[in-house]
*Asks:* 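Pasting a structure here, questions to come.
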Amino acid sequence: MTRSPVFETFRYAAILLALAITLVPIIWMTSMAFKPVSEWQATGADLTWIPKRPTFENFRYLFGQSETTLIVALERTATKPILASLLSAGFGTLIAMGAGTAAAYGLSRFGSGGNLPLALIQLRLFPPMAVMIPVMMMWAFLSLMDTWWGLALIYGIVTLPFAFWLMKTFFDEMPREIEEAALVEGCTRLRVFLKITLPMMRAPLASATLFVFILNWSDYLIALLLTTRQWVTIPVYMSSLASSMTGQLYGAKAALGLIAAVPPVILGIMIQRHLVRGLTFGALKQ
Amino acid sequence: MSVTDTPPAPPPTAASVPADAVRLGHWLTLPAQILILFIAVFPILMQLYISLTDWSPLSGRPWPRAWELWNGFANYADLMSDRRLWSAVGRTALVMIVCVPVQFFLGLGLAMLFVDDFRGKRLFYSILIMPMMVVPAVAGYMFFMLFQSGGPINDIFGTLIGRPVVIAWLSDPTLALVAVMIADIWQWTPLMFLILLAGLVGVPDDQMKAATLLGANAWQRFRTIALPRMKTIIIIALAIRVIENFKIFDTLYIMTSGGPGVATETISVYIYKVTTQDLIWGYVAAIALVILIVLSVVAVLAMRRMAR
């Protein structure tokens, strides 16, 4: 369809405006991450969008290798929180994908677990805040407080609905002829699932795994309640980078924010095609 | 792109599935069932028990002995007259009523610009959906920086009107709420855009062309052809945002901690504060349980309506 030049002009103007609004916060944080201490709080005429003296100081500072004397040395470096985030989100994703994929296959092929769809939708619906008191009590009882494995367990449960629904829609769409042929050849059903179905579903499995990982990586509230010191995750550690003694460590926080924000954005763009399906529980797909 | 209306194969029924398949099916669904039991049944029973007592982690007894602090339905009576709670409920509703429609219309408008091809479409699309993938806590910190009184937002406004602007966004009760809503809109408009665009692209091109030939203008084409086909998609998009918006915590808490005072305190923030600062867990359990019940009723009603 040919469009009028007026429409084209309007379209580019509107999109450019949207791009500007989208990018301002991202650009500001990126720029802040590379600003030296002296520029952190520059205001008025001194405020700059591009650092005057760009530096990796903030990143070095996070990992305990800063030479600067302007700010108090960190009591704890960012290494362990990054590890905590990776381990809890990673293993949480494994739990969700393991249980979710198996259950999705069971429901899709054999009609088992008919209660799961509704139960999992309800799980998605409830604010985590509304079950956190008993979860904190249970986690304390099981000695899971302030551990990455305790966090991984709750992440696995919270993102189970996404893993289940995504994999269920993928299994529903998969042609069954190959599975049936293998059955006729004498394979057991478990072998068919493990040796034929799963390898065929490699690509969807990978997308679903990345999607679930992004969700787990993004958590703040649960880690805030279930970790206190040893295994705080990046977002929790980030809020601790401000105290009455040090003030807001703007640049260091921005550098950490960048470290936290980059992986999910890259992964998200990689799985763009499946985002709609993942977010709408498989009700919509591209 | 389409709405999945029916699964490709008829769902298996008990009679048609051989015994070995049934057994495997049970084993496969078992882990998920256990996880759900673990997170739903125990916590809710525990929550119910605690909510009928005055128990708190500081009460000097382990929780199984909470019955020594039995107070019947006093917690439930208290929450009815808890002004701070109800103002948090109202504020959560206000944030939802403002943010969800704004996200919807901005997302729809953008999506309509992206239906047909133009130069740079893929790149623009990838950039526009970035905010929803930024970790919410990090997004909160971005906006915390942007809204400082000497920060870039005031700088941009200052440049636009030609004289310095010093607005203390996050320490003014009204403006803090506005700032929090702007952050939410920034982060979640892309979600609406993404879903609605997927819906718009699914509208058959030939019907639109036919309507154009018949003299329908853009608005008429959208209203009579695209809109009816997109009904389900629109409902799903709105439902997701309403559900998520109700839980709003991360960005907001990082930006304002619910302050100044209680000016940006939503339900989740309120519960968080009462849980970690006041430590009256019996009372929090009562609030949480009421929320769970109300949401369950809403969910069941909504599903019945959707089913029709």
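Proteins come first, then strands; the chains are lettered A, B, ... in the order of their sequence lines, and each starts at number 1.
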*Asks:* Which bit of A:L215 comes within less than 4.5 Å of chain B, counting heavy atoms only: side chain, backbone, both or neither?
*Replies:* neither
*Asks:* Is any side-chain heavy atom of B:M133 closer than 4.5 Å to one of A:L275?
*Replies:* yes
*Asks:* Heavy-atom cut-off 4.5 Å, strictly under: side chain, backbone, both or neither for A:F193 against chain B?
*Replies:* side chain
*Asks:* Considering residues at least two apart in sequence or located in another chain, which fulfil the ring-ring contact (aromatic ring centres under 6.0 Å, His included) criterion with A:Y250?
*Replies:* none
*Asks:* Does any heavy atom of chain B fall under 4.5 Å from the side chain of A:L125, the backbone, both, or neither of them?
*Replies:* both
*Asks:* Roughly how far, to the nearest 0.5 Å, is the CZ atom of A:F110 from the CH2 atom of B:W27?
*Replies:* 15.0 Å
*Asks:* What distance separates B:R241 CZ from A:L279 CG, expressed to the nearest 0.5 Å?
*Replies:* 10.5 Å
*Asks:* Could you list all the side chain to side chain donor-acceptor pair (under 3.5 Å) pairs where at least one residue sits in residues 256-266 of chain A, not counting sequence neighbours?
*Replies:* none
*Asks:* Measure distances from A:I234 to the heavy atoms of chain B and classify the residue's part below 4.5 Å as side chain, backbone, both or neither.
*Replies:* neither
*Asks:* Within the 4.5 Å heavy-atom criterion, are A:L160 and B:I39 side-chain neighbours or not?
*Replies:* no
*Asks:* Which of the residues A:I269, A:L47, A:V131 is involved in the greatest number of heavy-atom pairs with chain B at under 4.5 angstrom?
*Replies:* A:L47
*Asks:* Is chain B contacted by the side chain of A:L123, its backbone, both, or neither, given a heavy-atom distance below 4.5 Å?
*Replies:* side chain
*Asks:* So which part of B:P164 gets closer than 4.5 Å to some heavy atom of chain A, the side chain, the backbone, both or neither?
*Replies:* neither
*Asks:* For A:A254 versus B:Y141, what's the shortest heavy-atom pair and its separation?
*Replies:* N-CE2, 3.6 Å
*Asks:* Going from CE on A:M129 to CZ on B:F246, what distance comes out if it is rounded to the nearest 0.5 angstrom?
*Replies:* 12.5 Å
*Asks:* Grab the two heavy atoms, one from B:V134 and one from A:A261, that are nearest each other, plus how far apart they are.
*Replies:* CG1-CB, 4.4 Å
*Asks:* Taking all non-hydrogen atoms of both residues, which atom of A:A130 and which atom of B:L292 are closest, and how far apart?
*Replies:* CB-CD2, 4.0 Å
*Asks:* Is A:W49 close to B:I156 at the side-chain level, that is, under 4.5 Å between some pair of heavy atoms?
*Replies:* yes
*Asks:* Might you point out which heavy atoms bring A:A18 and B:L110 nearest each other, and give the distance in Å?
*Replies:* CB-CD2, 3.9 Å
*Asks:* Could you give the distance from CD (B:Q47) to CE (A:M132), rounded to the nearest 0.5 Å?
*Replies:* 11.0 Å
*Asks:* Shortest non-hydrogen contact from B:G25 to A:S112?
*Replies:* CA-OG, 3.1 Å
*Asks:* Kindly say whether the aromatic ring centers of B:F42 and A:W139 come within a distance under 6.0 Å.
*Replies:* no
*Asks:* Look up atom OG1 in B:T251 and atom OH in A:Y220, then write down how far apart they are to the nearest 0.5 Å.
*Replies:* 10.5 Å
*Asks:* Would you give the length of the straight line joining atom CG of B:L28 to atom CG of A:L190, rounded to the nearest 0.5 angstrom?
*Replies:* 7.0 Å
*Asks:* With a 4.5 angstrom heavy-atom cut-off, could you sort out which part of A:L267 is near chain B: side chain, backbone, both or neither?
*Replies:* neither
*Asks:* Where on A:M238 is there a heavy atom nearer than 4.5 Å to chain B: the side chain, the backbone, both, or neither?
*Replies:* side chain
*Asks:* Is it the backbone or the side chain of B:L295 that comes under 4.5 Å from a heavy atom of chain A, or both, or neither?
*Replies:* both
*Asks:* Kindly say whether B:M142 contributes a backbone atom to a donor-acceptor pair with the side chain of A:W28 at under 3.5 angstrom?
*Replies:* no
*Asks:* Check whether A:L256 gets within reach of chain B through its side chain, its backbone, both or neither, counting any heavy atom under 4.5 Å.
*Replies:* neither
*Asks:* Which residue out of B:A139, B:G140, B:S268, B:A183 racks up the most heavy-atom pairs below 4.5 Å with chain A?
*Replies:* B:S268
